[in-house]
Each structure stands twice: as structure tokens, then as C-alpha cells.
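A short worksheet on the structure shown next.
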Amino acid sequence: VSPNIGHAASLFPQKPKNLDPLPVSKVLKRRKVIPPAKVMPPSLVATLRKNVGKDLSTISMPVSANEPISLLQRVAEQLEYAQILDAAVAQKIPAQRLLHVAAFAISQLSSNRCKERAIRKPFNPMLGETFELVRTEKEVPGGFRLLVEKVSHRPVRTACQAESANWSFGQSSAPTQKFWGKSAELITEGRIRIVLRLPDGTEELYSWSVATVFLRNVVMGEKYVEPVGTMTVANDSTGAKATIEFKAKGMFGGRSEDVQVESYGPDGASTGFSLVGTWTTSLQLLENGKPVREIWHVGDLVDNAPQTYGLTTFAASLNEITEIEKGKLPATDSRLRPDQRAAERGDLDEAEEWKRRLEERQRAKRKEVEERGEVHKPRWFVKVDGGDEGEEVWKLKTGKEGYWEERSRGAFTGVEDIF
Ligand code: PIF
């Protein structure tokens with residue numbers, strides 16, 4: 001069996017030597033709330049009109065355009081349903097493992113289900129900004145740890161690696177937008193790669209490209225986002241595949257939520273197993289068209305979601321400094337970013353002033369680096385050869401200078417002062 005060309009094993013995250021700081025024996029109580037938004041975001045059309053022909057990512061937007069979450073935390077939100085990966089590892093039937101991975105891929109889009117999420121954007125992280133997340137075994141079987149770093153400013157690119165005893169997750173992603181009159185296309189460049197570590201000691205590699213989502217009604221009417229087209233989850237170890245189709249509604253049908261997933265073995269023949277459901281609520285596993293069981297169900301939104309940016313309770317917990325992070329974070333962690341903090345409290349003027357200052361410092365630093373003829377070197381990730389397709393892939397550094405290694409020694413080195 002030939003694995004997919006271009007999805008070489010070397011592009012997948014490596015198995016870590018240990019999972020420090022896991023296991024965490026404490027029972028954590030995370031917050032599930034966030035202060036309500038104080039102002040409405042500026043109109044996107046007005047912003048577009050004012051900046052005709054410009055690349056929006058190069059203009060500074062007011063803080064009121066942001067939700068109090070950074071793009072790094074948005075990347076971390078993709079792991080809200082990491083337990084599906086743990087469930088995947090426990091499946092004996094290969095097609096069922098594949099469909100669990102497909103369900104995980106779909107669950108990643110569900111944070112977009114609340115329409116309020118479509119009217120703001122995340123904070124654009126500073127270059128070198130990081131975000132760590134440690135989920136304990138009380139929260140997810142076995143727990144997991146995750147690190148994201150902004151590795152490039154123009155174009156914006158983040159590198160992420162997460163791992164548990166059962167699996168690893170890697171993605172180097174770059175978001176871009178295209179405007180098409182009434183809608184905008186939000187494209188996420190950067191394949192997701194998963195390694196499952198099976199009970200028999202073997203590893204299975206899976207990868208897919210994140211579906212494109214459309215923001216509808218940019219000009220007028222209720223804004224919402226919906227994934228479109230298809231997404232193919234590949235088992236790169238065997239050549240098996242799951243095809244995920246986001247069903248379009250008719251001309252006046254409103255948001256489409258239905259998903260249909262088919263699975264094919266290494267020989268390309270249908271396995272008889274499939275998934276049906278929606279990307280907003282739940283997914284059922286079917287065998288020969290008959291329901292077997294539910295394998296994903298969506299979690300909660302913050303109470304009063306329309307007033308609180310449409311956030312999930314998972315997202316609302318991400319800015320909190322819990323016992324796990326207290327005294328452990330590097331100075332670059334998003335939780336310590338002053339403008340985002342002020343915005344979360346509702347102190348918009350203070351947030352605006354901080355944002356302006358941070359951006360100016362960042363410009364000054366960039367100029368210095370350029371004048372020295374250097375380029376920014378990310379602290380925790382290294383670029384690997386992207387293979388035939390020339391993909392830009394970053395992997396977490398390992399060894400003494402690795403993030404988790406330095407974190408457990410209690411001393412981060414080479415961390416820049418960016419806030
Ligand atoms: C600033 O970011 P903003 C600008 O990049 C500015 O150019 C830069 O100055 P410099 C500042 O340092 C930045 O802080 C603009 C841009 C940022 C993102 C990426 O926060 C995430 O002021 C976008 O914002 C994800 O925003 C969108 O890019 C997913 O934050 C929904 O690109 C945009 C706006 C995109 C709006 C899309 C709306 C939905 C279609 O001088 O250093 O360059």
C-alpha cells in the first residue's frame with residue numbers, strides 16, 4: 001500500500017519523550033463566563049469601502065472589531081473535542097477509527113455556529129506571541145498539552161502542536177480572506193496532521209485540509225458563516241479516505257448545517273460505514289445506512305451568548321490563568337497581552353491605547369531586525385522541508401531548548417519582551 005505522496009511521515013508531529021506537566025491530579029474549576037461585550041463591532045462594509053483595494057490584513061482595525069480571543073486561541077479551540085481522538089484510538093475497526101477522525105475534523109468547525117461569532121475577528125497575535133493549553137485528565141481522557149506560536153507576521157502564520165499519550169496534532173496555518181461582493185471566503189491554508197498511537201504499538205497517520213468557510217451577508221442581512229464544499233480526511237498510512245460533504249441549501253435556504261460523510265478503504269471501495277448529522281450539533285455513526293450511535297455532540301455556549309461574543313464555554317475559559325499556569329507562563333502568552341485583557345474587561349479606550357503601543361513597538365523591532373539583515377526566528381518551532389508540494393510546515397523543537405522542557409525546569413530562555 002502506498003501512502004499519499006506529499007504527505008510524508010516527516011511532516012507529522014513527533015512522539016514526545018514525556019508529557020510534562022501531565023498528569024495533573026488537581027481537579028480544576030475553569031470559568032465558563034466572560035464579561036458581556038460593551039460595544040457593537042464596526043461595520044465590515046464601511047471598513048471595506050474605506051480601504052478599497054487594500055489588503056485588510058495590513059490595516060490596523062479598532063479593538064471593537066475583535067472578540068477577546070486571539071487567533072492563537074482560535075487555533076487551540078480546534079481541540080475542544082479532543083476526546084474523539086481518544087475514542088478513535090480505541091476503535092478496532094479501521095473505518096470506524098477513520099470516521100472518528102472525520103468527526104473530530106467536523107467538530108472543529110462548530111465554534112462558528114453562534115452567529116455572533118461572524119461579526120468580529122480574533123486579535124491578531126504579536127509576532128512571537130504564544131499560547132499554551134494544558135487540559136487535565138479530568139477534562140479529557142489522559143489529558144493533553146498544546147502550544148501555538150505566531151511564526152510569521154506577513155502573511156500571518158501560526159504553528160501548533162498538541163499531544164496526549166494516544167495522539168499528536170500538528171498544523172501550520174495561515175488564514176486569508178477573499179471578498180466576493182455579498183460574501184467573503186475565509187481560507188485556512190495549512191494541513192492538519194494527526195498521529196494516532198494504537199494499543200498494538202503501531203501508529204496511524206491522518207491528514208486533511210481545513211474546509212473553506214464563507215461569511216454570508218457581508219453587505220446586509222444577518223451575517224453567519226458556513227463551511228462549503230468537501231473535505232477529505234486521508235489515512236496516509238493505508239490510503240483509506242473519508243469524504244465530508246457540506247450540503248448546500250437552496251437559493252433562499254439560509255445557513256446550511258447538514259453533513260454527509262462516506263468512507264472508503266485502501267482499495268477505494270465503500271466500507272459501509274458513514275456519518276450523518278450537522279456541523280453545528282451532532283454526528284451519528286451509521287452502518288449500511290442504519291444508526292449505530294452518536295459519536296459527537298456539541299458543547300455549551302456561554303450563557304447569554306449573543307451578548308458575550310457568541311463564545312463557547314471552552315473559548316471563554318482560555319484567557320483564565322488557572323493553578324496550572326500560575327507562575328509558569330512565558331511573557332509571550334496571550335493571557336498576558338494587555339490590550340486583549342482590557343478589551344475582555346470592557347475597557348475599550350485602554351485596550352485601544354495598548355494595541356497602538358504594542359503595534360508600534362513591533363514595527364520598531366521589525367525595522368531593527370531588517371536593518372541587521374536578519375529575519376525573525378520563531379522561538380519554539382522550526383521549519384521543516386515541506387516536501388514536493390512546498391508546503392510551509394513547522395514542528396515543535398524538542399530537546400533541552402523545547403518549550404515543555406524549559407517549562408518543567410521553571411526557566412524560559414530566549415523569550416522576547418513583546419507586551
Ligand atoms: C494589525 O492587526 P489588526 C494589522 O495587521 C497591522 O497591519 C499591523 O501593523 P504592521 C498590526 O501590528 C496588527 O495588529 C488587521 C487584520 C489582522 C488578523 C488575522 O488586528 C486573523 O488591527 C484574521 O487587524 C482572521 O485583520 C479572520 O489579521 C477570521 O487578525 C475571521 O485581516 C484582518 C481582518 C480580516 C477581516 C475579515 C473579516 C471576515 C471576512 O505595520 O505591523 O503591519
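Only a predicted model underlies this, so the values are computations on that prediction, with no experimental measurement involved. We count ligands from 1, going down the list as the structure has it; atoms in each ligand are counted the same way.
The nearest heavy-atom contact from the protein to atom 23 (C) of ligand 1 is Q177 NE2, 3.9 Å. Looking from atom 17 (C) of ligand 1 to the surrounding protein, the closest heavy atom is N124 ND2, 3.2 Å. Shortest contact from atom 16 (C) of ligand 1 to any protein heavy atom: S57 CA, 3.5 Å. Closest to atom 9 (O) of ligand 1, if we only count protein heavy atoms, is R363 NH2, 3.1 Å.
Ring pair W296/Y81 is perpendicular by interplanar angle, where above 60° counts as perpendicular and below 30° as parallel.
Taking every heavy atom of Q362 and a limit of under 4.0 angstrom, the matching atoms of ligand 1 come to 12 (O). Residue L215 approaches ligand 1 through these ligand atoms, each under 4.0 Å from one of its heavy atoms: 39 (C), 40 (C). For ligand 1 and F179, the ligand atoms under 4.0 Å from any heavy atom of the residue are 40 (C). Interface atoms of ligand 1 facing T58, defined by a heavy-atom separation under 4.0 Å, are 7 (O). Taking every non-hydrogen atom of A184 and a distance limit under 4.0 Å, the qualifying atoms of ligand 1 come out as 40 (C). Counting the atoms of ligand 1 from 1 in the order shown, those under 4.0 Å from a heavy atom of L186 are 39 (C), 40 (C). Near R154, with a cut-off below 4.0 Å to any heavy atom, the atoms of ligand 1 are 7 (O), 10 (P), 41 (O), 43 (O). Less than 4.0 angstrom separates some heavy atom of K355 from each of these atoms of ligand 1: 3 (P), 20 (O), 22 (O).
Of the heavy atoms in M61, both backbone and side-chain atoms come closer than 4.0 Å to ligand 1.
Side-chain contact of Q362 with E360: a donor-acceptor pair under 3.5 Å is absent, judged by distance alone. Checking K150 against N124 by side-chain atom types alone, a donor-acceptor pair falls below 3.5 Å. A side-chain N or O of S60 and one of E359 form a donor-acceptor pair less than 3.5 Å apart.
Not one N or O of S60 is nearer than 3.5 Å to an N or O of ligand 1, by distance alone. Note: an N/O pair closer than 3.5 Å links E359 and ligand 1 by distance alone.
Contact analysis puts R366 in contact with ligand 1, with a non-hydrogen atom separation below 4.0 angstrom.
No more than 12 heavy atoms of other residues, nucleotides or ligands shown are found within 6.0 angstrom of CD on E401. Crowding of D349 atom CG: a count of heavy atoms from other residues, nucleotides or ligands under 6.0 Å not exceeding 12.
Compare P175, P122, P41 by their heavy atoms: the one nearest to atom 29 (C) of ligand 1 is in P122. In the candidate list T176, L127, L56, D55, L56 is nearest to atom 33 (C) of ligand 1, counting heavy atoms.
Geometrically, R193 engages F12 in a cation-pi contact defined by less than 6.0 Å to the ring centre and at most 45° from the axis.
The closest side-chain heavy-atom distance from L133 to L147 is not below 4.5 Å.
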